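Not measured: the values here are computed from a predicted model. Just so you know, ligand 1 is whichever comes first in the structure, and atom 1 is the first atom listed for that ligand. For this chain, numbers begin at 1 and follow the sequence in order.
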Amino acid sequence: MVRYALEVKGIVQGVGFRPFVFRLAKELSLSGFVKNTSKGVSIEIEGPEADCKKFIAALRQPPPLARIERLDAEKIPPTGAKYFVIQTSSAGARNTFISPDIGICADCFKDITTKENRRYRYAFTNCTNCGPRFSIVKDIPYDRANTTMAEFALCADCKREYEDPYDRRFHAQPNACPVCGPQLFFYENGREISGDPIRLFSEAVSSGKTVAVKGVGGYHLACDALNEEAVGRLRKRKLRYDKPFAVMMRDIETVKRYCEVSGEEEPLLASPEKPIVLLKKKPDCPIARSVTMRNNRLGVMLPYAPLHCLLMQNHEALVMTSGNLSDHPMIFDDSEALQKLPAVADCILTHNRRIFRRVDDSVSIVINGKVHLIRRARGYVPEPARLDGNQSVILALGAQQKNTFCLCKGENAFLSGHIGDLDEADTAECLEREIESFVKIFDADPQVIACDLHPDYVSTRIASRYEGKLPIFHIQHHHAHMASVLAEHGLTDNAIGFTFDGTGLGLDGRVWGGEVLYGNRADFARCGHLLYFPLLGGEGAVREPWRCALAVTDIACGRGAALSLFPEYLEEAKILLAAGDKNINAPLTSSMGRLFDAVSALCGIRKTTTYEGQAAVELQQVMDESAAGAYRFEMIEEHGRMIFDWRPLIRAVVADVQAGIPAGTVSLKFHRAVAELIVSAANRLRAEKGCDTVVLTGGVFQNDFLLEKSMKKLEESGFAVYTNQLVPVNDGGLSFGQAAVASARIRK
Ligand code: ZN
Ligand code: ZN
Ligand code: FE
C-alpha cells in the first residue's frame with residue numbers, strides 16, 4: 001500500500017473534475033479524498049502502487065471542460081483509510097479559474113431531443129460538461145449561490161442529480177429542468193404572447209420578421225438568412241449597411257452544403273467553444289446576398305445553447321447578429337432589451353435566466369491549417385493565456401477600437417472578452433465595470449498599469465487615474481502588437497516585426513501603421529516604415545478612403561492628376577488639398593491600412609466606408625488571383641532607416657486604372673507588392689542584424705491572402721515566421737501585448 005498527495009492546477013473546478021476523480025478512484029478501488037482548494041484541486045489516493053500509477057496517468061485525460069495546467073504528485077505515508085470521499089471545499093477557497101461558457105454537449109442534446117426524457121425540448125438543459133459559466137458568475141467561489149441561477153431552487157429530481165457523484169449533473173451549478181428552472185417568454189408589440197415560444201419564433205421568422213433572441217451572453221437579432229427582403233430590412237433598421245452578418249446553421253451537413261469546409265474548419269465549428277468561423281461560400285450558396293454583401297466569406301456558427309438547437313429544428317440558416325443599435329455593445333440586460341430592441345426587432349424571445357455579463361460570440365478563421373481568433377470571447381474567455389515569466393499583477397487597458405483589457409496574475413493572463421469601440425460612452429462604462437469584476441473574480445489587485453501612448457484613448461485616461469499610486473507604462477501601439485506575438489509564442493529573443501494596421505500613435509507624434517520594428521518584448525527600434533502622407537481632414541479620412549487616394553496621388557502624380565480623380569468630390573478635394581498645403585488638419589501617417597484604402601478608392605472599389613477596414617476587405621474580395629504582374633515599392637534609406645516609397649506604385653496604379661485594367665488585377669498586383677516588401681525588408685534586416693525570426697501582426701494581417709503569401713515567401717527564404725493565433729491580430733490583442741511589454745520592462 002502506498003499513498004500519494006496530488007495537487008492539480010488549471011480549470012478543475014465547476015467542470016465535473018471531482019466526480020471524475022471520484023469515479024476513477026472507485027474504479028481502481030483506491031481510498032482517499034478529493035477537494036477543491038484555493039489553488040485548484042487536492043487529491044490523496046491510497047492503494048497498490050500499480051493502481052495509483054494508473055490513476056495518475058488517467059488524470060491526464062480529464063473531462064472535456066477541464067484543463068490541467070500542472071499536476072504535482074508526492075508520496076506520503078499511508079493512513080489505512082478505507083473509503084474514497086469528496087470533501088467539502090476548504091473555507092475561503094478562492095476559485096481562480098472559471099470555465100468559459102460552453103456549447104451544449106452530445107448527452108444534453110440527446111436529452112432535449114428524446115421524447116421520454118424529462119428535459120425533452122427544455123431550453124436550459126446543461127451538465128458539468130456544458131452550459132453557461134462565465135456569463136452567469138457574479139462572484140467567487142463558483143457556486144450556484146454566486147450565479148444568476150441562485151434565483152431558482154432545485155426541485156427534488158435536480159437536487160438528486162446535483163448530489164450524486166455518479167450523475168453527469170453532480171455539482172453542475174446551473175442545473176435545471178422544466179419543473180424548477182428558467183422559462184421562455186415571447187413578446188410582440190410589447191405584449192407577452194401565450195403559446196409555445198419556439199413555435200411563435202418560427203412562425204415570425206418564416207413570415208420574414210426579425211426576432212430578438214436572448215442567448216447565453218446577450219441578445220441576438222435573428223431572421224431567415226435565405227430571405228433577401230427580411231435581411232435587407234434588418235440592415236436598414238440596424239443602420240448596418242455593409243458589414244457582414246453571422247449566420248447560425250442547423251448542423252455540419254447544412255454548413256457543408258452552403259460553404260467549403262476544410263479538415264481544420266469542421267472540428268473548429270463543432271468544438272465545445274462553438275466560435276463563428278469565417279468560411280468560403282460555395283458558388284451556389286443560397287444565403288441571401290445581403291447577409292454578406294460584397295464578401296466571399298460567410299461567418300458561420302453551429303447552435304450552441306440548447307435553445308438554439310430547438311430553434312434550428314425548424315430553420316436551416318438564421319442570421320444571428322448581435323442585438324444592438326449600430327455600434328453600441330450587444331444588449332444583455334432584460335429591461336434594456338425590452339426598451340430598446342423593439343426599434344430593430346418585431347418580436348422578442350426571452351427568458352428569465354439573467355445574464356450577469358455580456359459575452360459576445362467569438363470569431364475565428366483558419367489560415368494555412370491554423371486557427372486564428374479574430375475576436376476572442378464566448379467559449380474562450382476567461383481561460384487564461386500564458387505570459388511566461390511574469391511575476392506581478394498587471395492591468396493592461398488596451399486600445400481605443402476593438403478594446404479588450406488584460407489582467408495578468410503571475411503567468412496567467414486573463415484577457416477580457418470583446419469590449420468594443422470606446423468612442424461610445426456605454427462601451428467605456430462597460431470596460432470599467434468588467435475591470436472591476438475581473439479584479440474581484442480573479443482576486444488580483446493591479447500592481448502595475450499598462451496602456452497605450454495615445455493620451456486621448458479612453459483606455460489611457462482610465463489608466464491615468466492610477467497616476468501617483470501605481471507605476472504606469474505607456475506603450476507604443478505597434479510595439480505592443482509585436483509583443484503580443486512574441487509572448488503568445490514564448491519568444492524572448494529579438495525579432496523582426498512587421499506591424500501593419502490602421503493607426504497607432506508613434507514615438508515621433510505621427511500616426512504610425514506601416515512599421516518594421518526590431519526588438520524584443522522590452523525594447524524596440526523602428527527600422528522602417530511607409531513614406532508619410534497626410535491624412536487630409538484628419539481622423540475623418542478613415543471613413544473616406546477617397547481622401548487617402550487624393551493625398552497619395554497628389555504626392556505621386558501631382559495636383560492635376562489628383563483633382564481629376566473624383567469629380568464628385570472636386571470642391572471638397574480642393575479645400576482639403578489647400579488645407580493640407582498649410583498643414584491644417586492633415587496629420588502625417590505611415591499607415592499601411594490607409595494605403596490599402598487609397599488603392600481601393602483608386603480602383604473604384606470603395607470611396608467611402610460604413611465599417612472599419614471595409615475598403616481593404618473589399619479590395620481583397622475582388623482580387624483576381626489568376627492575373628499576372630506586381631507593383632513595387634521602392635526603398636529609400638533615411639537616417640539608417642528604410643522608407644518604403646509608394647510613389648512609383650501609386651503612379652502604376654493610376655496608369656492601370658486609366659488604361660481600364662480591371663480592379664481584380666490591380667488588387668492582386670498591389671497585394672503582391674506588399675508581400676514582396678515584407679520579404680525584401682526582412683532579408684535586409686537579416687543581413688544587418690543576423691536575426692531570422694519574423695513577426696507579422698496588426699489588423700492588416702486579417703487579410704488572409706496577404707498573411708498566407710507573406711508567410712510562405714518568408715518561410716521559403718528560411719525565416720521562422722510567427723503571427724497571432726490565440727489573441728486577435730487586430731487591436732483586440734493589444735492589451736495582451738501591453739502586458740507583455742510591461743512585464744518584460746519590470747523584470748529588466
Ligand atoms: Zn451537457
Ligand atoms: Zn428541476
Ligand atoms: Fe493597431
Q: Decide yes or no on salt bridge (charged side-chain N to carboxylate O under 4.0 Å, His left out) for E161 and R119, but give the supporting numbers first.
A: CA-CA 13 Å; E161 293 165 342; R119 290 190 174 82; 2.7 Å; yes

**Q.** SG (C155) - the Zn ion (ligand 2) - SG (C158) angle, nearest 10°
**A.** 110°

Q: Just to the nearest 10 degrees, tell me the angle at the Zn ion (ligand 1) spanned by C108 SG and C127 SG.
A: 110°

Q) Looking from the Zn ion (ligand 1), what is the angle between SG on C130 and SG on C105, to the nearest 10°? A) 110°

Q.
For the residue pair Q702 / N730, report whether a side-chain donor-acceptor contact shorter than 3.5 Å exists.
A. yes

Q. Do we see a donor-acceptor contact under 3.5 Å between the side chains of T460 and D452?
A. no

Q. In degrees, rounded to 10 degrees, what angle do H481 atom NE2 and D501 atom OD2 make at the Fe ion (ligand 3)?
A. 100°

Q: Report the angle formed at the Fe ion (ligand 3) by atom OD1 of D731 and atom NE2 of H477, rounding to the nearest 10°.
A: 100°

**Q.** Aromatic ring proximity F22/Y166, centre distance under 6.0 Å
**A.** yes

Q) Think R169 forms a cation-pi with Y162, using NZ or CZ under 6.0 Å from the six-ring centre and within 45 degrees of its axis? A) no

